[in-house]
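Comments concern the structure below.
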Amino acid sequence: MFGRHLWAPLRGLVLFGLGLTAGPMLAAVGLGTLFGIQSLAQWYRDPLNVYRTLAGRWCGVDIPVPYQPPPPPPEPEPDGWYRYKNRLYLTPKKLSYERRWDWLVKDPATSRDILWMLINPVAGSVTALLPLTLVVVGATAPWYWPGHPGITVPVAAATALAGFGFGPVLLHLHGRWTCQLLASAADSGIRRALIRIGRGGLATWRLALTAGLAVTELAAALMHLLAMVPILLWAWPTVLVAGRQLTSWRRQQIQEWTGIRIDRPYLPEPVLPPPRPDGTYQIGRTLYRTPEMALRSLRYRQNARDLATWRDLLWLLLDPVVGVLLAAVPVLVTGYCFFGLIWSWAWASLLQLFVDFHTFESWPLLTRGVPVLGDYPIATAPLIGVVGTLTGSLLAIPLLRLHGLWSWLLLGPTKSALLGRRVDQLTETRMEARETLSSELRRIERDLHDGAQAQWVAMGMKLGAIEALIERDPAAAKTMVGTAREASAKALIELRHLIRGINPPVLAERGIADAIRGLALDSPLSVGLRIDLPGRPERPVESAAYFAVSELLTNVSKHAEAGRVHIDVRYTANQLRIALTDNGVGGADPAKGSGLRGVQRRLATFDGSLAVHSPLGGPTTVTLEIPCVLSS
């Protein structure tokens with residue numbers, strides 16, 4: 001019992017000392033991110049876990065490790081390549097590197113750790129050091145104020161005892177503070193506020209990077225203009241490709257930072273025309289002997305008339321100005337107030353404990369380097385720093401989004417580009433629908449020829465034999481009548497099965513909801529259902545959804561090694577949404593040529609989409625969305 005009080009000052013000193021290592025940790029994260037060294041950017045987690053363990057044990061607060069598990073080793077595709085997003089790699093080394101960066105950056109605990117490193121040395125460590133401070137002040141007060149021992153000694157003793165007495169409480173407050181950021185605790189108002197401040201700091205950093213990229217963008221724009229000089233025109237396609245890679249990378253970056261999606265606006269790659277009888281390729285009025293030169297000329301002509309080319313150039317010229325203007329205020333205010341007024345004050349105050357000088361008078365950055373202190377009392381510098389840091393970082397969030405909207409204005413596709421893309425999509429969908437229809441007709445013809453038609457031909461032959469035997473051998477004719485009756489029953493069953501494959505009666509009569517319930521009853525799996533449909537979609541949409549669910553249930557029973565499936569059917573935002581979740585082994589991928597690709601083609605006819613989330617080990621969730629209108 002008393003041990004906790006006696007050890008509290010010393011434990012607080014240890015936690016305070018470990019908290020000061022946030023500076024080296026932050027420096028390691030910055031250097032690792034800047035030079036792409038994952039081990040350096042991730043190094044801080046080990047000492048921070050030690051801090052979590054000690055703070056949790058000494059402060060009486062459970063602080064579990066919140067990090068997400070690292071990504072599993074990459075698996076090669078059937079063709080031996082390693083795929084990551086839309087890129088293929090020959091070896092898993094580059095893929096592992098990219099996946100681990102994604103894992104490190106997208107882990108929510110990473111941003112909370114960085115936020116803790118920024119503010120804990122100033123705010124959180126105070127409660128850790130306060131017990132020892134009270135003890136030291138109480139123990140040394142009689143020597144500093146020896147004039148009135150009757151007052152000084154009791155006050156000093158009370159101060160020292162307060163350090164021991166309130167030590168566990170102060171450490172517990174320190175643990176609660178630490179738990180807010182370093183653990184994945186339940187959401188709270190303080191936590192949300194701290195996370196928002198962290199997002200503001202991250203937005204400030206991203207705005208600073210945006211301003212820093214202005215040099216690269218301006219250089220790309222100048223190279224673009226230089227390559228358009230007639231004597232250097234041969235280099236224009238190469239410069240254009242490099243510029244498009246830069247703008248494509250910025251589109252992806254802006255989407256990750258702001259959530260504003262900017263699609264690629266460029267026209268599709270040109271198609272080389274067939275060669276002439278003499279083997280040359282005609283592009284306009286010019287003949288080319290090699291396909292490479294002809295294709296280069298085609299690209300040159302297409303890029304010149306592609307509106308996106310000139311919009312990219314305009315963005316590269318203007319974004320350096322816009323980016324710097326948007327980033328100037330939040331970056332300067334945040335950096336000035338945090339590093340100039342808070343960080344420097346904290347370290348100068350710590351230094352004052354060991355060196356004889358006055359912080360506000362001797363630290364040049366606080367006195368002569370900060371003009372705002374000339375109008376306010378110098379002791380208000382840290383408070384001005386806190387207010388300025390919060391204001392600047394919170395201002396960075398809308399300004400970063402404003403930069404995303406500005407980029408979307410020029411880097412996004414125009415209405416004509418969207419219309420052209422829509423025409424291409426409809427053309428492709430029409431071709432796929434035509435192929436699907438032809439395939440269905442061939443299947444129906446094959447089933448009729450091999451099934452019902454064969455049964456009816458056999459029955460006709462038996463009726464002919466009955467006609468020949470009916471007077472000569474009535475008993476044999478009677479037997480064959482029974483056989484013909486069985487054949488007619490089989491033919492009728494074949495026809496019913498065929499009709500069900502074309503348009504199931506339950507779907508036609510009772511709608512998609514009862515039809516999916518019927519599929520669930522027929523499935524060998526344990527199927528859970530949740531259906532919330534206020535009406536019926538159009539018949540073609542119902543049919544597409546029904547056969548898609550039927551195909552998915554068949555795939556699950558054949559390939560997923562699952563025992564349970566849950567089907568969730570609902571209508572939201574003018575879309576029929578069906579989600580199937582199984583407890584199988586996972587690993588489903590439409591790109592592997594499975595039945596999922598066929599379901600995608602079926603839904604694309606109705607502008608529907610299919611999304612698959614199937615990590616290795618499961619569970620697998622396949623979500624279908626088809627835009628439609630429900631009837632009452």
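Side chains are part of it too, since the values below use all heavy atoms of this structure and drop only hydrogens, waters and symmetry mates.
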inquiry  = What I'd like to find out is whether the side chain of L402 reaches to under 4.5 Å of the side chain of L326, using heavy atoms alone.
reply    = yes
request  = Tell me, yes or no, whether the heavy-atom count around M25 atom CE, taken from other residues, nucleotides or ligands under 6.0 Å, exceeds 12.
outcome  = yes
ask   = Do L405 and I260 have side chains that get closer than 4.5 Å, going by heavy atoms?
value = yes
query = So, T309 and R244: side-chain donor and acceptor under 3.5 Å apart, yes or no?
reply = yes
ask   = So do the side chains of N574 and P627 get within less than 4.5 Å of each other, counting heavy atoms only?
value = no
Donor on one side chain, acceptor on other, D312 and H224, under 3.5 Å = no
ask   = Thinking salt bridges, do D532 and R530 make one under a 4.0 Å N-O criterion?
value = no
request  = Answer yes or no: does atom CD of E561 have more than 12 heavy-atom neighbours from other residues, nucleotides or ligands under 6.0 Å?
outcome  = no
inquiry  = Restricting to side-chain hydrogen bond (donor to acceptor under 3.5 Å, both in side chains), what partner residues turn up for R564, sequence neighbours left out?
reply    = none
inquiry  = A side-chain contact here means heavy atoms from C-beta on lying under 4.5 Å apart; do C59 and L15 qualify?
reply    = yes
query = Out of curiosity, S248 OG to R264 CZ, how far, rounded to the nearest 0.5 Å?
reply = 4.0 Å
query = Do R45's NZ or CZ and the ring of W103 fall within the cation-pi criteria of under 6.0 Å and 45°?
reply = yes
Nearest heavy atoms of L411 and R311, plus distance in Å = N-NH2, 4.4 Å
inquiry  = To the closest 0.5 Å, what do you measure between CG (L134) and CG (L130)?
reply    = 4.5 Å
key: Check: L104 main-chain N/O paired with T110 side-chain donor or acceptor under 3.5 Å   = yes
inquiry  = Does any part of the side chain of V569, heavy atoms only, come nearer than 4.5 Å to the side chain of L576, both counted from C-beta?
reply    = yes
inquiry  = A side-chain contact here means heavy atoms from C-beta on lying under 4.5 Å apart; do I114 and Y44 qualify?
reply    = no
request  = Apply side-chain contact (heavy atoms from CB on, under 4.5 Å) to the pair W116 and L48, showing each step before the final yes or no.
outcome  = CA-CA 10 Å; W116 179 87; L48 204 56; 3.4 Å; yes
task = Measure the spacing between CD1 of I197 and CG of L202 and express it to the nearest 0.5 Å.
result = 14.0 Å
query = Taking T258 for the side chain and Q255 for the main chain, is one N or O donor matched with an acceptor at less than 3.5 Å?
reply = no
ask   = Can any side-chain N or O of H5 pair as donor or acceptor with the backbone N or O of G165 at less than 3.5 Å?
value = yes
query = Is atom CH2 of W43 surrounded by more than 12 heavy atoms (other residues, nucleotides or ligands) closer than 6.0 Å?
reply = yes
inquiry  = Within the structure provided, determine whether R206 and Q253 are in side-chain contact (heavy-atom separation under 4.5 Å).
reply    = no
ask   = Can you name the side-chain hydrogen bond (donor to acceptor under 3.5 Å, both in side chains) partners of H174, sequence neighbours left out?
value = Y51, T127
query = What do you reckon, is OH of Y266 surrounded by more than 12 foreign heavy atoms closer than 6.0 Å?
reply = yes
Expected list for residues 384-394: side-chain donor-acceptor pairs under 3.5 angstrom, two or more places apart:
| from | atom 1 | to | atom 2 | distance (Å) |
| --- | --- | --- | --- | --- |
| T389 | OG1 | F338 | N | 3.2 |
| T389 | OG1 | G385 | O | 2.7 |
| T391 | OG1 | V387 | O | 2.7 |
| S393 | OG | T389 | O | 2.8 |
| S393 | OG | L390 | O | 3.2 |

ask   = Are T210 and H403 close enough that some pair of their side-chain heavy atoms sits under 4.5 Å apart?
value = yes
request  = For Y67 and D107, test the side chains for any donor-to-acceptor distance below 3.5 angstrom and give the result as yes or no.
outcome  = no
request  = Evaluate the side-chain contact (heavy atoms from CB on, under 4.5 Å) criterion for residues S609 and L603: first the C-alpha distance (whole Å), next the side-chain angles of each, then the deciding distance (0.1 Å), finally the verdict.
outcome  = CA-CA 6 Å; S609 62; L603 300 181; over 6 Å; no
note = A588 and T620 have their tightest heavy-atom pair at CB-CG2, 4.4 Å
request  = Apply the test side-chain contact (heavy atoms from CB on, under 4.5 Å) to residues E217 and W315: give CA-CA distance (whole Å), side-chain angles for both, the deciding distance (0.1 Å), then the verdict.
outcome  = CA-CA 9 Å; E217 293 168 356; W315 183 84; 3.3 Å; yes
request  = Take atom CH2 of W205 as the centre, draw a 6.0 Å sphere, and report whether it contains more than 12 heavy atoms from other residues, nucleotides or ligands.
outcome  = no
ask   = Under 4.0 Å between a Lys/Arg side-chain N and an Asp/Glu carboxylate O for R52 and D113?
value = yes
key: Residue pair A183 / I63: nearest heavy atoms and the distance that separates them   = CB-CG2, 3.8 Å
query = Taking atom OG1 of T53 and atom CG of N49, what is their separation to the nearest 0.5 Å?
reply = 6.5 Å
